Every structure is written in C-alpha cells, then in structure tokens.
Amino acid sequence: MRMIAELGHFALVLAFAVAIAQAIVPLWGAHKGYAEPMRFAEPAAMTGFLLVGLSFAALTYSFINSDFSLKVVATNSHSAKPYLYKIAGVWGNHEGSMLLWVLILMLYGALVAAFGQNIPPALRARTLSIQAMIAVAFLAFILFTSNPFERMDPVPVDGSGLNPLLQDWALAAHPPFLYLGYVGLSMPFSFAVAALIEGRVDAAWARWVRPWTLLAWSTLTVGIALGSYWAYYELGWGGWWFWDPVENASFMPWLVAAALLHSAVVVEKRSTLKSWTILLAIIAFSLSLVGTFIVRSGLLTSVHAFASDPERGVFILAILLIATGGALCLYAWRAPQMEPEGVFAPVSRESGLILNNLLLSVSTAVVFLGTLYPLFADGVMDEKISVGKPFFDLAFAPFMIVILIAMPLGAALSWKRGDLGRVMSKLWVAAVMAFLVGIAFWAFRTESSIWPPLFIALSFWAIFGVIVDLAERVKLGRAPFAESMRRLGGLPRSAWGQAVAHIGFGITAFGIVGISAWATEDIRIAQIDDRIPLSGYEIRFDGVERSRGPNYRIDGGKFTIFQDGKQIATLVSEKRFYPVQRTQTTEAGIRASLVEDIYIVLGDKQDNGGWAVRSYVKPFANWIWLGALIMTIGGVLSLTDRRHRVGAPARAQRSNPVVPAE
Amino acid sequence: MKRLALIIALSMPLPTHAVEPGEILDDPVLENRARALSKGLRCLVCRNQSIDDSDAGLAKDLRVLVRERLVKGDTDDQVLDYVVDRYGEYVLLSPRFSPLTALLYLGGPLILLGGCLIVWQQSKTNAAAPARAAAPLTEAERARLRELGIDTDA
Amino acid sequence: MFIVLAGALAVITALVLILPFLRTRADTSRAAYDAEAYRAQLREVDQDLARGILTEPEAKAAKIEISRRLLAATDDADGEIAAPPTPSYLRTAIATAIAVGPPALAVLIYLAIGEAGRPDMPLEARTDLDAQMAQRPSQAQAETLLEQNDLAPLAAEADTPEARNFIARIDELEAFLLKNPDDVRGRRLLAGATASVGRYADSWRHYATLVESADEPDTELYGDLVETMVLAANGYVSPEAETATDAAIALNRSDPRFIHYKALALAQRGETEAAYARWSALLDSADPSTPWLPMVYRHARQAAEELGVTLSIRTAPGPSSEQVEAAGEMSDDDRRDMIEGMVSSLAARLAEDPDDLDGWLRLIRAYGVMGRDEDRATAIDMARTTFADDAAALARLDEAAQ
C-alpha cells in the first residue's frame, strides 16, 4: 500500500520546519560569532532541498500515475494526456508552479552550501539564513493557501485538465527556465542583505556574487525567449512580444539583472559602485517578487482580475512588502557607510558601465511605470487608462538605441582612463562595415524609409564592434596569423562570454528591426486554387480537409508556395476546435528560414464557400530568438570561466590555530 | 480549482483572428490608415490587445466604426477624437498627455535626468579625490606583501 | 507503515541537522577568504598581461590597487578573531532544540493539515486490480484482494449517538444468534442491519444461511443475497454470486435485478455480446422513470462501444417531457433529484460525445421544462457549433430553440 502523496506532503511540512530553524540559528550564530550554529546552515540548506525535492518528486509521481485523489491532479491532469504533458502538468498550475518555485529556491541554497566553500563562513551563514526566510514565507504560502497535496473525496474517475492551448513543448519548458532566473535572483538579494548586515561590501564580495547573477540572468533569458517563441507560432498572428503585464513581469528582472551583472564587474575590479550594486540586487529580486505577485494574484489582468483568490494575492503582497521594505530599510541604514574606493576618469570602462546601468535602470523604470500606471490611475485618481504596445514601443526603443551605440565603445574602453579617440580609431572598421550593411538593406528593400536600414546598421555596428574589438585584442593582421590565433585561444572564457553575449544582443536587435519594418501581410477570402501574391511569393490555396484529432476537429488548410513560378514548399495550417472545451486553437503553417518566415493562418469558412486566409511574410523573425540563444551561450561561457570559482583558503593557517575537538 | 486552470490559460493571450477580410476597405491608402489607427486602440473586453489583434465582437464593431469614419473623410485625429468621445480615454493604448498621465510620460526622462545628475555629482567628488590609488607601493607595503608571499617587483 | 516512514524521515532529518554540533571546529577568519580572492585577482592580472589583454601600465596600476586591498584585508584580520566554538552548554542546548523542534513542529502542522496514512490511488493500481479480477477469483479471494487494495467497502462509523446505539444493537443480535443459530427472524434482521452499516461481507453470509435453510425458495432472499455479494466485492460478480443469480433467474426470469447481475457477470467474463443483449433488452422493456436506468445505460453503452455497435438513442435515458410530467407524482425532493440526475447525466454524455443530435434536442427541451434558460441557451449554442455544417440539423435546432 503506497502513500507517496502523503509522504510528499509530510516532507514539505518538514522542509518548512527546517527552514524556520535555518532562518534563525545561523543568523544568530553569525551575530555571536559562534562557528557551529553558522555551519548549521549548510546541512539545513541541503536537507531543505532534499525534502522539497522529495515532495516535488511525490507530486510528479502522482501526476504521472494519474492519482486523482489529489485535487491538483484531478483539476489539472487527465488520464489521456500525453506522458510529457503529464509531467509538465506538475507546474502547469498554480500549486505545482509555486512548489517548483520553492524547489528552485532550495536548489540555489543547496548549491551555495555545496560549492560555496570559498565564501567566508559568516557571510555564507547569513546569506543562507536570508534564503531560508524567503523559503519560510513561500512554504507557508504553499502549505496554507495553495497546498498541492490537498486530497479529494470522493476520487473522480478522471481529471479535467486538458487545456488544449497549454499542451505545447515550449510552454512546458518555459516556467522552469523562467523560475531558474526569477528565483536565481534571490541569491544576489540574499548576498546583498547579508553584506548589509555585516556592513561590508568589497571587491571580494562582488566576486562571490557574480556567478549566481550570471546563472540567473542566463536562465531568465532562455525562459523569456521560449515564452516569446511560443506566442509567435501558437497565437496565430505572428506577434512575438505584447508588452503584456505578465511578459513585463519577467522582462523587468531581466533588465535589472543585466545591469547588476555589469555593475558587479565594477565592484569586483575597482571596488566602487558598491552601494548602487547592492541596491540593484535588492531591486532585481523585488521585481521578481512583483512578477510572481502579478502573475499569481491576477491583479493586472483587467477583465479577469478578480477571478483569482484575493487571499493569495494579499499573501504574496505581504511577502513582497516585508522583503523589499526590510531590505531597503537596512540599505538606507548601512549604505552611507560604503565608501567608494577606485577613482576613474569620465571617459573610462567604469563610466561606460555606469551609462549601461543608467540606461538599463531607466528603461526598467519606464516598463515599470507603464505596467503599473493603469492600476495607479485607477486606484489613486479613479481614472481608467490603458498603457499598451504603442506606448512601450515608443518609450522603450530610444534607450535600446543608445545602448546599441554605446555598447561596443564601452566594451573597448580601458579601465580608469579611456581614450575615446583611440577606441574609435580601432572601431572605425566596424562602423564602415555596419554602414555598408545598412546601405545594402536600403538598396535591397527599396520601398522602405530610411529608418529601418539605419537601425539595421546600428545593430550591425554592435555586432561588428565586438568582433573588431576582439580582432584588435589578438592583434589580428598586426601579428602573424598563428600568433593571433594563439592569443584568441588564450582569451579567458569570461572575455569570450562577454563578446558572445554582446553579439547575441546585436542579433536580437537586428531580428526585431527586420520583423517590425518589413513584415507584410495579406488578408483575404480565398477560393480553392486562388493564388495570393505576397512579397515575391505566390501562395496557392489547395483547399481544406476535415479530420478528427483525439478530442478535437481539424480543419487543415493546404497551401502550396511558389517562388518565380517554381514550387518551393507546401504548408498545412490547422484550425482545431475542441467541442468539449469550446475552444479553438490555431496551428499556423510556418515555413521557417533565416531570411524570412512564411506564416499562414486559416480563418473561418465564408458563406460563399471561400475561406478567410491570412498570410504573412516575417523577415528575419528567427534572429530574435537566435540572438537570445547566443546571449545565453555567452552567459554560460562566462560562467565556465575558472575566475568565477575562487578557491577557499587553506584550512590550517598559522594565524588561525585549529581548536581541537572536545 | 477549475478557476486556476482558467487563470493560467487567461494569463496568456488567446489565439485570435483579428481583422477579417470582409472589413477591409477597397482603398489601400485608407485601409493602411485604418490599420495604423486600429493598432493604437484597445479592445475594450480583451486583455491588453489592440482591436487590430482581437477577434472579439466589440473589437470588430470598433474596426468597422474606424473605417466608416475614414470613408466619411475624417482625419486620423478626428477619428481618434470620435472614438475617445464614445468610449473614453481607456480606449487609447497610448494615453494622451494630460496632468493625469504626465508622470507616465515624464517619469522616464525625469529619472534619467536624476540619474545623470547623481552621476555628475559623483564624478565631481570622484575627480576631487586624491590620486591615492595611483601612488606606487611604499617599501613598507612591499615588505608586508613579500611576507604574504606576493612578489610585487615583477 | 506511513508512520514508520514519516518517522524515519523526521529522525534522519534531525540527525543530519545536528551533525555540525557534534564536531567543533573554529573557522578560518574572514581575512583569509578575502585574501584568497585578491590573490586570485593578482594572478589573473598577470595572466591578462601575458595574453596582451592589459598593457604594462594598466596591469601595474591594477596590481597596486589589488595589493592595497589585500593589505587592508589583512589589517582588518589583526583585530578580528576567527569564529570561536560555541560554549559547550549552549551547543548542547541548540543541538537539542534543533533535533526536537523542527520534527515536532512538522508533526503538529502535518496532523492539522495532512491526511496521515491515506494511500495513493493511481489509475494504474485500479487497472492492475481489474486484471486480477479478470482471473475470476472466488468471492472470498476477491474480498481479500479488495481489502489489500483498500477498496473494500467501508463500514459505517459510529460517530453519532444513534449510530452507536444501532451498532450496539447489532452486536447484541450477533451474540444472540451465536446462541440461537436457528432463529430465522433474528438472522433476517441481522442480515439487513449489517448491510445497512456497510458490512456486506457479513451480511451476504447471513443471507446465504437463510437461503439454504429456507423451506421454499424465496426470490426476495435471493435478490438480497446476490446484491450483498456483489456489493461486498465492490461490483464484482464472483462465480458464487453468479451461481446464486442463475438459481434466482430459475425462480423469476423477469426480475430486472437478476437480469442485470447476470449481464454484469457475463460482461466481466468477457462475454460482452451476451451481456449487451440482456442490457439492451432491459433498457427496452424498462419503465422510463426507473431510477436505476442510467446505471444500466452506462453499462450498455460501454458494452456497445466494445462491440463497436451503436446503442440506439431511443433507449437512452434522458428525461422526455412525459417523464418529467410523470415525475409529478413523486415527492418534490425526489422529483427534483431524479430530473436533475438525468439531465446532468445526459449533459455529461453529450460533452463526451457531442455528435448526438437527438440528445441535444432532448437536453434543450428538458432545460426548457425546468426553466433553466441560461443552460438552455448554452446548450443551443454548443449544439449549433457542433452541427455548424449540417443544415438539416441546424433547422431542427432552430425549431427546438423557438
């Protein structure tokens, strides 16, 4: 007789109790300076992770085996669901996704306990205590408001969770990555608060914190890109970013994490910008909490806003206020004690990074204002206004343009005192090449205005700038080729990571400009054998075939694509109707390529026998996600640099005699 | 519980079919203007969607309305005024500048300005700081470093 | 079992948690960690210089800065002592608190919000059991099997004074029968009473004794015997139960109870066709207001599915307007329950299998009679989408929607 579900429940409760101890004992130990209570944080963090892991495994087991005696399984799964989506179903619902959230939180804690031997004991103990406080808050939230182990009586024969729109691989993989990023930002937060309690932030601190930020930022990049890609191919009109509150909720922490990555470099190299970096660390995680709050409370989802339980929203809001408020108070008290040390000239790498931070922070503020302003207007001034895509596009783009221009310059400047003239004398090649690319686009896309080619040139400036800088550093052309290659191979991984991530950013920018400027579309009622001319292609509508899926009806529109009279592809665009759920989903027919996607959506049948057909050509769409992938690779490359793994001091040092065990 | 599944589903935009072929105006210039205007108008019953992207009935009504006004010879601004008169500011996805929205529009630039001021202030004190860091190591410092096993002469 | 596992988990957790308190050791001072970081930085500056990433003056300046930080860190260290071990009395106190506190707290919370010892109920275990049941175990074997799988029918709990009183009476009666095994009236009473508190396994044995000892065959007794046997086996018709059913049919071949249980036995043996014939005959001949009709219909439908034949809609239960009127003779509560039961089972069936036009028409009509206008509108809507391409169906729907 198996009782895995109840064991999982007990393990979760036990993890909660352990986290309470972990939140108190090491902090007290660090305050008193006692070694054992501080060390207690490590087994506690490990045990906490294992217990929550056990609990998560139990829930997964229940989902896989369709144990409908669990309420969350009965509501969100179905015996006929494909295996993969049964597993993904674990976090495809509120309760399970919060459990995943805490599991990842615990994972980070356990990683610090396991690999953080290079971090001084008091800082480590305090950091793990702060982590445990966050865990206590969220475990309480799960156990008392959203318990995934709530049982059902009587047990239903089958589950009711077969939301057709949610059965998709990108959507299944999206939350774990997003949470690895979101929750990963708890690490810099805990380190920052621990440093504030200690009253000590220095270059060494930045060195210990950076890898965690890098890991969080990289995974968050993947998470956001997956969400955007899903929207592109599943939602049916090729939109890929909507500035929806839920999207903004993940984008704001990403922007701040990017700023934090850069400012932490300054702290590590120059021991300055310390209090700003601490503030960023606090803000980054606070925005993660805001994001969790937005998604989980349903607060900003206009029409459906109040469908959600207010109890849950209020709980998370309380966590948010306590965490952010507490950290900021501590900051206000301690930050003035943090003296900047390294001095630098107005033109220097430091200044470049400050500019980067300024732009990223202000653009975050713009997104934040835009996301919360309707709520503010409604709540404070009793006026209803909307802030949507047109506003964000307009308000956000200028910052990105400046970042694109400044990025290669800043990266090429030297520390302390840079010389912009010298940098330009190196990078002019990149500027010329980018200009030529712009010209080429302008000539090729004759119908367009001057702006898109200009922005294309800008993104290529960012890409070429990085490459030319790299070439300069290895003295390409000035030294023998073999020597240059040797130097290239000898570059530290972190330098590679930086270059790759910057190139990825330029590539994403390029994709965005391409799809925004040159997407073409055609909307019409097509009869069978009609030919739709679009952007140099001809699309022939071959008719619609009706078939049945497991629990839906398919109208599959068949299309043949011709270019210059030659057939180049056939596409099927499906419209699925789920009679039980009364939902319709579209599976757009997409012919993807690096140059442009042909994207066809079948609409409704018309009275005259024709069908509504929407066809789009989306130039360079895939570069958006390709760029994101490259940015992630950059982050991971940098993470593998040995520099991020400082050794721990040797245990036996003459000045610190080991006290023998009693 | 069912509600939660629903909320998760609703926390993502649903597939829609937006502009329908029947609505399209014959005059491509007018149609382009209509599309551009539609992108800035909110579908009142949707979540953060423009009427250009939404297949809700009300969005369709608004699209048709916009086109009717254009065909009657209204300028873009007149169309927007007309729609705002009937549905309120809420219908604009990019709200108009007013005392109410001043903070929204000026917030970003103000923060940028503030940031620049702080950076400028800091850089002044920074410049005033003595070039202590640049001074070469004293002999005493070298000696202590040697004691720690670090050779600074290389 | 659950208590053992959960207890083990708690004990292991407590043991792991107190590990740091068992070994005392002072920690290396903070300065040593700082120094290590700065030493690494110095090494990297040298590497970068060698790779040509830094120029000579840049590297020199960087090294001066880092060296100063290193010195500053060691300066701090002079005033800072490495973390001392905790005083021994405190250590014992904390270790005890940690070993006891979290597990105790966890147990308290869990007892408040968990359901200790409640078994899993995965779908597969249900199907595993199905496989074993297909081996046609005897009545006793089946009862044991169900017991092991926690699927045995639960006896009623004595949670009210009345229930306690009732159960006490049953005990008295049992004691009495032990002494007077031949008391037919007492045994009959006991058989009914045990069945009413869910002790079917006891109940059918009493009925069996009664059937054996009866002077002439009693259909009523047979019916009760078969029913309690099947209930004791949670819906499974054992070979013994089937023999009893056969005997009962010999007495009265038209009693629907016997026909149903025979069909069930046949279906469970794999003779779906024979079972289906009995069920559909039952459906055709049954009075439409019979409360067990939906249950028989479910079985018939399942059998029809296995056989790949379509169960004629005519026999499907679902309240026709006559039935709704017929229900007027019942008490208000009964009538409402009956109608709602039928309507919801019809709606559920249509959700699964929306291609049934007659079903939709019936549902729309039923909602109309019941005055559930909103549901009626929804049903009309759903039916229209389902049959959007079928003009004839649409016309009939329009007619029904009038």
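Note that the coordinates shown come from a computational prediction; the quantities given were computed from them, not determined experimentally. In the text below, chain A, chain B and the rest are named by the order of the sequence lines, each starting its count at 1.
- Shortest non-hydrogen contact noted between B:Gly107 and A:Leu369 is CA-CD1, 3.6 Å.
- For a residue to count as touching a neighbouring chain, one of its non-hydrogen atoms must lie under 4.5 Å from one of that chain's; by this rule B:Leu112 touches chain A with backbone and side chain alike.
- When all heavy atoms of A:Ala365 and B:Ile111 are compared, the pair lying nearest together is CB-CD1, 3.5 Å.
- Side chains of A:Asp393 and B:Lys39 form no contact here, defined as non-hydrogen atoms less than 4.5 Å apart.
- Proximity to chain A (any heavy atom under 4.5 Å) is shown, for B:Ile118, by neither the backbone nor the side chain.
- Both the backbone and the side chain of A:Ile385 come within less than 4.5 Å of a heavy atom of chain B.
- In this structure, the portions of A:Val387 lying under 4.5 Å from any heavy atom of chain B include both its backbone and its side chain.
- Proximity of a side-chain donor or acceptor of A:Ser386 to a complementary backbone N or O of B:Tyr90 within less than 3.5 Å is detected.
- Contacts of A:Phe399 with chain B are made by side-chain atoms alone, with heavy-atom separations under 4.5 Å and no backbone atom involved.
- A side chain to side chain contact (heavy atoms under 4.5 Å, CB included) with A:Phe391 holds for exactly one of B:Leu104, B:Thr101, B:Leu92, B:Leu93; it is B:Leu104.
- If you take CG on A:Leu355 and SG on B:Cys116, they are separated by 8.0 Å, rounding to the nearest 0.5 Å.
- Atom CG of B:Leu100 is separated from atom CZ of A:Phe376 by 8.0 Å, given to the nearest 0.5 angstrom.
- Counting non-hydrogen atoms of other residues, nucleotides and ligands closer than 6.0 Å to CZ of A:Phe396 gives a total above 12.
- In this structure, CD on A:Glu521 lies 4.0 Å from CZ on B:Arg35, to the nearest 0.5 angstrom.
- Looking at A:Trp276, neither its backbone nor its side chain comes within 4.5 Å of chain B, counting heavy atoms on both sides.
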